[in-house]
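Let me begin by presenting the structure, written as structure tokens, before commenting on it.
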Amino acid sequence: MKKKTIRKTTIVMTVFGLLLSACGGGGGGGGGGGRSEAEPPAPPEYVATAYSTTDTPIATLFADPAVVAILQDYPFLLSMGASPQTAAQPIKFLQSYAFTMLSDDLLAEVDNKLAVLKPLPDAKLLSDTNVNELRVRPYVLPDPFVFLNGGKVTGANAWWEKRRPEILVLFETEKYGKAPGKPAAQRFEVIESNQPAFGGKALRKIVNIHVAYEPAAPVIQLVEYTPASKAGQKAPMMLRIGGSQAVSTFIDGANTPIPEASKWDPILQQRAIVPATPPAPGSAWDITPFLDAGFGISYYWLGGVDTDSNDGYFEGVRAFYDSSVNNETRAPDVWGAIGAWAWSTSRIMDYLATDPDVDALRISLHGDSRYGKTVLWAAAQDQRFAAVTTCCSGEGGAALSNRNFGETVANLTQNFPYHYARNFAKYANNEAELPADAHMLLALIAPRPVMLQTGRYDHAADPKGEFLAAVAATPVYELLGKQGLGALDWPPSGTLLSDIGYHMNNSGHGANDWQVHLDFLNKHVNP
């Protein structure tokens with residue numbers, strides 16, 4: 001296939017814009033069916049009469065000289081400015097990404113000072129993005145047990161044979177897009193094996209997974225660690241996808257460094273190394289607790305499969321499987337980047353199922369933020385994955401779209417349109433028409449275990465919305481003989497390790513509690 005010229009775009013953003021881009025976004029058709037009540041109705045309308053850090057858009061605050069005078073005492077807040085990435089959000093929304101600097105005490109202090117000001121005439125006091133529980137509107141959810149023709153699921157057989165396939169198609173056509181199947185050209189190239197790492201606790205293997213015949217086609221670089229203590233045995237494995245190369249993720253102490261990944265260079269007309277740097281001291285992912293527990297860890301950088309940018313369409317795998325011109329002109333139900341990343345996890349599963357050092361029946365997935373959305377969709381499609389653990393998958397992942405809190409469909413489809421099928425934009429500010437919401441994504445994973453780890457200050461990802469999705473998915477787990485979440489009230493008193501697990505830490509967006517994930521996997525995958 002002939003590669004087209006790649007258009008490059010340079011985007012200048014503030015520090016908050018970079019945080020939102022790196023961590024946020026994370027992360028119609030087929031109507032019919034009943035919808036069930038989700039939670040007690042909220043007040044019909046919320047009226048704001050004063051400026052606040054919870055409700056007022058940053059652009060409104062910066063348009064008032066009296067507010068700017070107050071913020072002179074807070075250089076950190078003043079430095080935010082009203083960039084295109086932050087202007088429409090309230091200050092509290094950004095607490096998701098800077099919770100240590102935007103503490104509750106600081107926000108309360110600023111609110112007390114703002115309260116004495118009289119807003120400018122016609123000032124917009126309510127952000128379109130809500131992080132105030134008082135502004136959550138009443139909503140109902142599509143019923144996972146009601147067929148598109150109005151009939152009802154009466155047992156497990158009806159779920160497996162008819163309703164689950166219906167829901168899967170809804171997500172394919174209306175949200176993530178349709179992906180191709182297993183490529184005929186797929187082949188595995190083991191370029192390194194049995195390399196001692198992590199002080200002898202692991203054996204490292206590096207595998208290139210080729211997904212097309214063309215030299216320009218993306219190649220999945222998989223870095224795999226199996227516990228040395230289980231040499232000669234099949235170990236359970238956790239596959240994590242990430243936005244950084246493996247060489248930028250691990251300091252494994254092996255005699256040879258992890259190689260940098262390569263991509264097709266359209267100028268050189270050959271594969272070229274993508275430069276990457278080792279992690280800063282203290283920032284590397286320490287996988288020794290997993291190794292000590294008998295788990296292997298596999299990792300791959302999704303940028304080598306499909307670039308995480310709107311203008312990177314022709315750098316990625318999607319350009320090899322459809323004839324679209326670009327992200328904007330692809331068919332409405334064609335896969336977006338999340339679909340491509342999820343598809344690539346199945347290609348890795350194809351390989352791991354052949355690896356004599358891996359127990360193919362005990363392979364789990366893990367992802368953070370937009371990659372958390374990815375692994376949920378991957379497991380929904382590919383039932384070979386035994387379990388899923390996520391961190392802050394939020395809107396577009398495990399959080400309910402019908403609940404107007406944190407990021408919204410409008411946010412996602414405006415800021416990250418390339419992540420989703422173009423059809424998804426139909427539901428921006430129209431979430432009530434969604435034929436399937438996050439609880440039904442979790443239901444597609446049932447009865448396999450799934451862990452939702454969130455952060456208390458991650459308002460953008462809506463930790464309560466993830467919990468409520470788990471509550472609404474629980475009846476499907478129960479239908480299939482599992483417990484589900486095991487709680488109804490948020491926040492729970494502690495960590496839940498049921499078939500649907502839930503844990504909320506005191507951090508913001510993307511802060512993994514690895515011990516919680518390990519405890520969950522030990523209970524469900526490696527008891």
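When a residue number appears, it is its place in the shown sequence, counting from 1. The figures here come from the full heavy-atom set of this structure, side chains too, leaving out hydrogens, waters and symmetry mates.
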For this session: Would you name the heavy atoms of P75 and Q72 that are closest together and state the gap between them?
Result: CD-O, 4.0 Å
Seminar exercise, completed: ring-ring contact (aromatic ring centres under 6.0 Å, His included) filter on F250, not counting sequence neighbours, yields Y225, W285, Y299
Exercise. Taking side chain as C-beta onward, heavy atoms only, is I500 less than 4.5 Å from M451?
Worked result: no
Exercise. Can the ring centres of H459 and F93 be said to be less than 6.0 Å apart?
Worked result: no
Problem set entry | Flag side-chain contact, heavy atom, 4.5 Å: L412 against H419 | no
Seminar exercise, completed: The ring-ring contact (aromatic ring centres under 6.0 Å, His included) partners of H503 (sequence neighbours excluded) come to none
For this session: Answer yes or no: is there a side-chain heavy-atom contact under 4.5 Å between D105 and L107?
Result: no
Seminar exercise, completed: To the nearest 0.5 Å, atom CG of D437 lies from atom OH of Y139 at 8.5 Å
For this session: Verify, without hydrogens or angle tests, whether R240 (side chain) and L365 (backbone) share a donor-acceptor contact under 3.5 angstrom.
Result: no
Problem set entry | S298 side, atom OG; L239 side, atom CG - distance, nearest 0.5 Å | 6.0 Å
Exercise. Hey, does the side chain of Q89 reach the backbone of T129 with a donor-acceptor pair shorter than 3.5 angstrom?
Worked result: no
Exercise. Ignoring hydrogens and geometry, is there a side-chain-to-backbone donor-acceptor pair from N512 to D368 under 3.5 Å?
Worked result: no
For this session: Compute both the distance and the angle, then confirm whether R370 meets the cation-pi test with F416: under 6.0 Å from the six-membered ring centre, within 45 degrees of the axis.
Result: yes
For this session: Describe, in one word, how the ring planes of Y371 and W341 are oriented to each other, choosing from parallel (under 30°), tilted (30 to 60°) and perpendicular (over 60°).
Result: perpendicular
Problem set entry | Identified side chain to side chain contact (heavy atoms under 4.5 Å, CB included) counterpart of P90 within the set V131, I58, N130 | V131
Problem set entry | Pair T495, Y502: side-chain N/O donor-acceptor within cut-off below 3.5 Å | no
Exercise. Side-chain donor-acceptor pair under 3.5 Å between D306 and Y418, yes or no?
Worked result: no
Exercise. Should the ring pair Y457 and F99 be called parallel, tilted or perpendicular, given that the plane angle runs from 0 to 90° and is split at 30 and 60?
Worked result: parallel
Seminar exercise, completed: Taken to the nearest 0.5 Å, the spacing of L61 CG from L114 CG works out to 6.5 Å
Seminar exercise, completed: In terms of heavy-atom contacts, V136 and N404 come closest through CA-OD1, 3.3 Å
For this session: Could you give me the CA-CA distance, side-chain angles and deciding distance for K426 and T413, then say whether side chain to side chain donor-acceptor pair (under 3.5 Å) is met?
Result: CA-CA 9 Å; K426 294 186 298 186; T413 55; over 6 Å; no
For this session: Measure the shortest side-chain to side-chain distance between P463 and R456 over non-hydrogen atoms and say whether it is less than 4.5 angstrom.
Result: no
Exercise. What are the two closest heavy atoms between A386 and P449, and how far apart are they?
Worked result: O-CD, 3.4 Å
For this session: Spell out, as yes or no, whether a donor-acceptor pair under 3.5 Å connects the side chain of T60 to the backbone of K124.
Result: yes
For this session: Return yes if a side-chain donor-acceptor contact under 3.5 Å exists between K482 and S498, otherwise no.
Result: no
For this session: Look only at the side chain of T56 and the backbone of T53, and say whether a donor-acceptor pair between them is shorter than 3.5 Å.
Result: no
Exercise. Going by atom types only, do S346 and Q381 share a side-chain donor-acceptor pair under 3.5 Å?
Worked result: no
Problem set entry | Flag if over 12 foreign heavy atoms under 6.0 Å of CG, D489 | no
Exercise. For V471, what residues pass the side chain to side chain contact (heavy atoms under 4.5 Å, CB included) criterion, not counting sequence neighbours?
Worked result: F467, L485, L488
Problem set entry | N310 and E328 side chains, donor-acceptor separation under 3.5 Å | yes
Exercise. Does any donor atom in the side chain of Q95 or D458 lie under 3.5 Å from an acceptor atom in the other side chain?
Worked result: no
For this session: Verify side-chain contact (heavy atoms from CB on, under 4.5 Å) between S127 and D55, making sure each step is shown before the conclusion.
Result: CA-CA 6 Å; S127 168; D55 293 318; over 6 Å; no
Exercise. Between the side chain of R330 and the main-chain N/O of N327, is any donor-acceptor distance below 3.5 Å?
Worked result: yes
Exercise. Any side-chain heavy atom of L148 within less than 4.5 Å of one from L170?
Worked result: yes
For this session: For the pair S248 (side chain) and S244 (backbone), establish whether a donor and an acceptor sit closer than 3.5 Å, ignoring hydrogens and angles.
Result: no
Problem set entry | No-hydrogen, no-angle side-chain donor-acceptor test under 3.5 Å, T454 and E466 | no
Exercise. Between L441 and G397, what is the shortest heavy-atom contact and its length?
Worked result: CD2-O, 3.6 Å
Problem set entry | Main-chain N/O of A421 paired with E174 side-chain donor or acceptor, under 3.5 Å | no
Exercise. From C391 SG over to N505 CG, what is the distance, rounded to the nearest 0.5 angstrom?
Worked result: 7.0 Å
Exercise. Can we say R403 and E431 salt-bridge, meaning some charged N sits less than 4.0 Å from an Asp/Glu carboxylate O?
Worked result: no
Exercise. Under 3.5 Å, is there a donor-acceptor pair linking the side chains of H366 and T389?
Worked result: yes
Exercise. Step by step, would you call Y46 with R137 a side-chain contact (heavy atoms from CB on, under 4.5 Å)?
Worked result: CA-CA 9 Å; Y46 179 85; R137 298 185 295 266; over 6 Å; no
Problem set entry | I445 side chain near Y477 side chain, heavy-atom distance below 4.5 Å | yes
For this session: Decide yes or no for H439 and P142: does some side-chain heavy atom of the first lie under 4.5 Å from some side-chain heavy atom of the second?
Result: yes
Exercise. Does a donor on one side chain sit under 3.5 Å from an acceptor on the other, for D64 and Y51?
Worked result: yes
For this session: Could you walk me through whether H509 and S369 pass the side-chain contact (heavy atoms from CB on, under 4.5 Å) test, one step at a time?
Result: CA-CA 8 Å; H509 189 76; S369 189; 2.7 Å; yes
Exercise. Looking at A387 and V525, what are the two nearest heavy atoms and their distance?
Worked result: CB-CG2, 3.7 Å
Problem set entry | Test side-chain contact (heavy atoms from CB on, under 4.5 Å) applied to N411 and T408, step by step | CA-CA 5 Å; N411 294 144; T408 63; 3.2 Å; yes
For this session: Indicate whether any N or O donor in one side chain lies under 3.5 Å from an N or O acceptor in the other, for N522 and H524.
Result: no
For this session: Indicate yes or no: at least one non-hydrogen side-chain atom of K178 is less than 4.5 angstrom from one of W335.
Result: no
For this session: Rounded to the nearest 0.5 Å, what's the gap from OG1 on T374 to CH2 on W343? Could you check?
Result: 14.5 Å
Exercise. Is a donor on one side and an acceptor on the other found under 3.5 Å between the side chain of Q245 and the backbone of E260?
Worked result: no
For this session: Determine, for R422 against D333, whether the closest basic-nitrogen to carboxylate-oxygen distance falls under 4.0 angstrom.
Result: no
For this session: Taking all non-hydrogen atoms of both residues into account, name the closest pair between A443 and A473 and its distance.
Result: N-CB, 4.3 Å
Seminar exercise, completed: dist L434:CG -> S401:OG (nearest 0.5 Å) comes out at 5.5 Å
Exercise. Cut-off 3.5 Å, side chains only: do Y74 and E109 have a donor facing an acceptor?
Worked result: yes
Exercise. Are the side chain of T390 and the backbone of S393 linked by a donor-acceptor contact shorter than 3.5 Å?
Worked result: no
